[in-house]
Amino acid sequence: MAHAHTVKRYTGLMDWLTTVDHKKIGILYLIGGGLFFLLGGLEAILIRIQLMYPQNDFLDASTYNQVLTMHGTTMIFLAVMPIIFAFMNAIIPLQIGARDVAYPFVNAVGFWMFFLGGLLLNVSWFFNGAPDAGWTSYVPLANNEYSGKGVDFYVLGLQIAGIGTLAGGINFLVTIINMRAPGMTFMRMPLFTWTSFITSALILFAFPAITVGLVLLMFERLFSANYFDVAAGGNIVLWQHIFWIFGHPEVYILILPAFGIISEIVSTFARKRLFGYSAMVFATALIGFLGFMVWVHHMFTTGLGPIGNAIFSIATMLIAIPTGIKIFNWIFTMWGGQYSFNTASLFAAGFIPTFVMGGVTGVMLAAPAADWQYHDSYFVVAHFHYVIVGGLVFGLLAGLHYWWPKMFGRMLNETIGKFSFWTFFIGFHMTFLVQHFLGLWGMPRRIFTFLENQGLDELNFISTIGALLMGVSTIAILVNIAVTQMKPRNAPADPWDGRTLEWSIPSPAPEYNFKQIPLVRGLDALFKEKIEGKKEMTPAEPLGPIHMPSPSILPFTMSIGLFIAGFGFMYARWDFDNGFLDAIFGHYIVAGAGLLITLVSMLLRSVFDDHGYHIEVEELEKEVHA
Amino acid sequence: MSATHHAHGSLPAEPEKATLEGRNKILGFWLFLGGETVLFGTLFATFLGYNNVKGIGDGPDPAHLFDLKLVALATLILLVSSLTSVFAVQAMHRHDKSKMLLWFGVTVVLGLAFLGLEIYEFVHYVHEGHTFSTSAFSSAFYTLVGFHGAHVLFGSLWIALLMLQLVKKGLTVVTAPKCYVAALYWHFVDLVWVFIFTVVYLMSKVG
């Protein structure tokens with residue numbers, strides 16, 4: 001028999017480099033995304049320190065541009081998206097009653113592509129400077145004439161990370177469509193799974209567009225193409241169209257999973273079924289659809305004319321309707337419930353008014369005539385931070401405290417948790433509320449300093465203090481994690497009296513998730529069983545051996561190969577002082593070697609069959625009594 | 001779900017859909033093709049955006065440069081290769097491994113022939129002064145057509161690799177879905193070419 005019954009298990013670092021277990025990959029995403037989150041937060045604090053006083057010289061203009069660009073790029077691509085992926089990996093298979101994701105190997109590829117792409121982007125700090133053309137990398141600013149080598153790191157780093165994101169999106173779509181437990185119909189899926197499903201669909205249709213955009217910019221910078229050179233017939237507005245036809249859906253890629261997390265938490269802690277479940281599902285789908293219809297609202301001032309502007313203005317305002325439905329459903333879920341406050345539910349409750357404020361300024365910006373006034377001002381900065389920090393980051397922090405026991409088997413400390421909530425909540429509003437007024441009073445975005453006595457001094461100072469307070473909160477969260485990590489792993493399977501399937505199995509989940517696949521008999525599957533007096537789910541199958549995929553180092557080597565190739569392409573036209581470096585980079589030897597590593601890894605994956613291994617019944621039964 | 005269960009000639013009628021892994025692979029691949037559609041859609045949009053600036057710079061006018069006879073021959077070759085890949089999948093459903101190898105082999109040969117013509121075409125254009133850096137139009141042309149060419153190259157190598165797997169491991173429920181999705185990919189690449197033929201070449205002649 002070709003079955004490899006000997007269980008391949010690695011330990012220590014090798015275990016993490018080779019794992020294909022979706023729960024471990026979830027933890028890797030959390031660590032990777034968390035590190036980049038700290039980096040992006042540090043960059044934010046540097047920005048705010050520079051803008052604390054008028055005509056400050058803490059950072060020079062060029063460094064400021066790099067810090068500003070890297071803050072935006074890091075936060076969007078390397079921090080919040082991976083943390084979303086962390087929860088999707090850790091929770092979705094548990095919520096739908098599956099033993100694994102559809103492609104465990106591809107899942108690992110996705111993580112390593114993200115991580116090494118992000119690393120490539122960030123090592124730019126040590127090689128000729130970080131990207132400095134803004135996270136939107138608008139041409140002609142991002143052309144060779146006006147920006148440094150850092151933009152090459154931007155195009156190649158994001159390209160590699162983007163492959164990982166696309167792989168993750170397809171993986172979750174297939175997992176959710178094909179691998180739900182018996183009885184888990186689409187209209188019984190928990191809202192986090194639903195929103196992640198729509199998010200994955202958005203990733204599938206939005207990321208190839210940015211891929212093309214990055215390729216065009218790469219060809220323009222590295223191979224003398226002419227897409228954006230007006231003298232050669234190029235057009236710079238093309239970049240904006242391509243960027244935003246990806247970039248606007250990206251906003252919904254980010255926020256929808258946060259909506260899902262909030263729905264789970266509000267319903268759990270109000271001890272009520274989610275109000276208007278089916279309306280929530282359809283609102284999510286509608287937001288996903290409309291997300292593709294609004295990209296021009298980022299370009300009202302490029303002069304596309306009144307008809308285009310009017311259509312995209314209306315489409316943008318339409319999104320307020322399904323979003324409003326969601327807000328009301330959360331409020332109605334809390335209404336008459338017994339909402340209990342802990343860290344997770346505080347972050348969820350704090351999310352609702354904060355996100356509404358971001359939505360209201362969004363409708364303001366959606367009116368083209370008004371947008372001419374707000375465009376490129378600090379008002380816009382305030383708006384999108386209310387949506388992305390006040391919405392998404394609140395949602396992620398809520399999810400972090402909610403699912404921590406399921407991911408790590410330990411309960412986070414509530415006292416430190418509540419401290420971190422209040423410092424974050426107050427710090428957030430202090431930082432960004434005042435930025436609305438700064439914008440309306442004439443402060444442009446992206447500037448590295450401002451003149452004194454123009455009415456901008458005090459509010460900029462307040463804003464910086466708020467940012468530092470959020471920094472304090474972040475430190476508190478880290479302390480909380482460190483303190484928790486030193487305690488024993490004693491979290492109960494179901495610490496919150498949860499409603500969905502992930503709470504029906506031990507914390508942390510065993511490597512095979514479900515010993516027997518559960519039979520789902522309704523919405524809030526576990527809660528339905530609890531109402532009928534049962535302690536656990538009814539199994540849908542007899543106990544049998546469970547098939548597991550084998551660990552593999554190939555996802556890691558594939559990504560390392562692209563990482564090396566990235567350097568090769570970037571420095572192919574660079575003049576090195578060192579003759580040896582000149583020779584190997586100048587003839588694309590480094591680029592070729594990197595691609596070869598990736599291709600050989602793919603070949604090995606193709607040639608050697610891997611049948612995985614089985615966990616036998618005796619072993620499963622042993623763990624029951626352990 | 002290993003291949004060995006079916007090693008004794010008990011393959012189901014549609015071996016590519018016999019296992020959950022196989023069904024996952026096929027569904028995921030259809031979704032991937034959805035993403036590829038957006039990728040090519042963006043490249044087409046870029047090309048169309050620059051279609052009105054052809055002839056700008058020192059480059060020759062593509063209406064005189066493009067040789068429709070050559071492109072028509074390439075089109076014919078690629079469309080026939082789609083048909084031969086269908087024959088390969090039909091052979092798979094009959095569990096006829098040698099016919100599968102034959103028809104996939106023909107598909108790869110036709111794919112490489114198409115690539116040869118495309119390389120010849122590109123070299124010819126560059127000698128006429130229509131280079132990658134001549135104008136925004138020429139950059140967009142080489143990007144769109146070149147991306148498609150890269151897909152043909154990748155598909156040819158992929159199918160060749162699968163033929164090796166078929167020889168080594170035989171037709172099983174593990175190899176069948178791989179062959180099936182490779183054929184899907186090949187059809188997709190052909191379909192994109194039909195649009196390129198129309199939008200890039202025919203429209204340049206009439207526009």
Side-chain angles (χ1 to χ4, degrees), chain A residues 1-4 100-103 106 166-167 169-175 177-179 200-201 203-213 215-216 219-220 223-235 237-239 241-242 245-246 292 547 549 599 602-603 606-607 609-612, chain B residues 1-5 7 20-21 23-46 49-59 131-140 142-144 146-147 157-158 161-162 164-165 168-169 172 174-175 178:
Chain A
M1 292 291 279
H3 282 300
D100 209 338
V101 292
Y103 317 114
V106 174
L166 190 63
I170 294 178
N171 189 12
F172 285 113
L173 284 171
V174 177
T175 304
I177 295 173
N178 270 2
M179 297 176 74
S200 303
I203 287 173
L204 177 63
F205 292 117
F207 265 74
I210 190 68
T211 302
V212 171
V215 164
L216 298 185
F219 284 0
E220 185 94 356
F223 306 121
S224 315
N226 282 317
Y227 317 101
F228 309 122
D229 180 358
V230 178
N235 190 338
V237 180
L238 177 77
W239 169 264
H241 278 296
I242 292 178
I245 205 161
F246 145 78
F292 280 99
H547 179 245
L599 289 174
M602 287 166 79
L603 186 76
S606 163
V607 174
D609 262 342
D610 193 341
H611 299 296
Chain B
M1 300 274 182
S2 123
T4 48
H5 291 307
L20 178 63
E21 281 86 350
R23 289 194 297 276
N24 281 349
K25 211 165 253 175
I26 292 169
L27 175 64
F29 201 79
W30 273 107
L31 295 169
F32 170 74
L33 290 183
E36 287 271 275
T37 306
V38 175
L39 183 112
F40 276 104
T42 314
L43 289 171
F44 272 106
T46 305
Y50 295 141
N51 204 21
N52 59 338
V53 298
K54 56 194 167 196
I56 215 170
D58 310 326
T131 71
F132 187 61
S133 309
T134 303
S135 66
F137 172 82
S138 70
S139 296
Y142 283 112
T143 310
L144 172 58
F147 250 77
L157 294 177
W158 183 14
L161 199 62
L162 285 180
L164 284 181
Q165 285 201 11
K168 192 178 154 219
K169 300 170 190 168
T172 67
V174 177
T175 50
K178 295 181 184 178

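We name chains A, B, ... by the order of the sequence lines, and we start the count at 1 in each one.
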Given a strict heavy-atom distance threshold of 4.5 Å, which part of [X] is in contact with chain B: side chain, backbone, both, or neither?
{"X": "F207(A)", "value": "neither"}
{"X": "N235(A)", "value": "both"}
{"X": "I210(A)", "value": "neither"}
{"X": "T211(A)", "value": "side chain"}
{"X": "V106(A)", "value": "neither"}
{"X": "L238(A)", "value": "side chain"}

Which heavy atom in [X] sits nearest to a heavy atom in [Y], and how many Å separate them?
{"X": "L173(A)", "Y": "A201(A)", "value": "CD2-N, 3.9 Å"}
{"X": "H547(A)", "Y": "H611(A)", "value": "NE2-O, 2.6 Å"}
{"X": "E220(A)", "Y": "D229(A)", "value": "OE2-N, 3.6 Å"}
{"X": "S133(B)", "Y": "F223(A)", "value": "OG-O, 4.0 Å"}
{"X": "N226(A)", "Y": "A232(A)", "value": "CG-CB, 3.7 Å"}

Side chain / backbone / both / neither for [X] at chain A, heavy atoms under 4.5 Å:
{"X": "Y142(B)", "value": "neither"}
{"X": "L31(B)", "value": "both"}
{"X": "Y50(B)", "value": "side chain"}

Rounded to the nearest 0.5 Å, the CZ atom of F32(B) sits from the CG atom of L27(B) at a distance of 14.0 Å

- Could you check F29(B) against W158(B) for ring-ring contact (aromatic ring centres under 6.0 Å, His included), going step by step and ending with a plain yes or no? CA-CA 14 Å; F29(B) 201 79; W158(B) 183 14; 5.7 Å; yes

Query raised in the report: Parallel, tilted or perpendicular: which describes the rings of Y227(A) and F219(A), with under 30° parallel and over 60° perpendicular?
Result: parallel

Heaviest contributor of heavy-atom pairs below 4.5 Å to chain B, chosen from L166(A), V607(A), I242(A), I177(A), is V607(A)

Of the listed L43(B), T143(B), L162(B), the one with the largest count of heavy-atom pairs under 4.5 Å with chain A is T143(B)

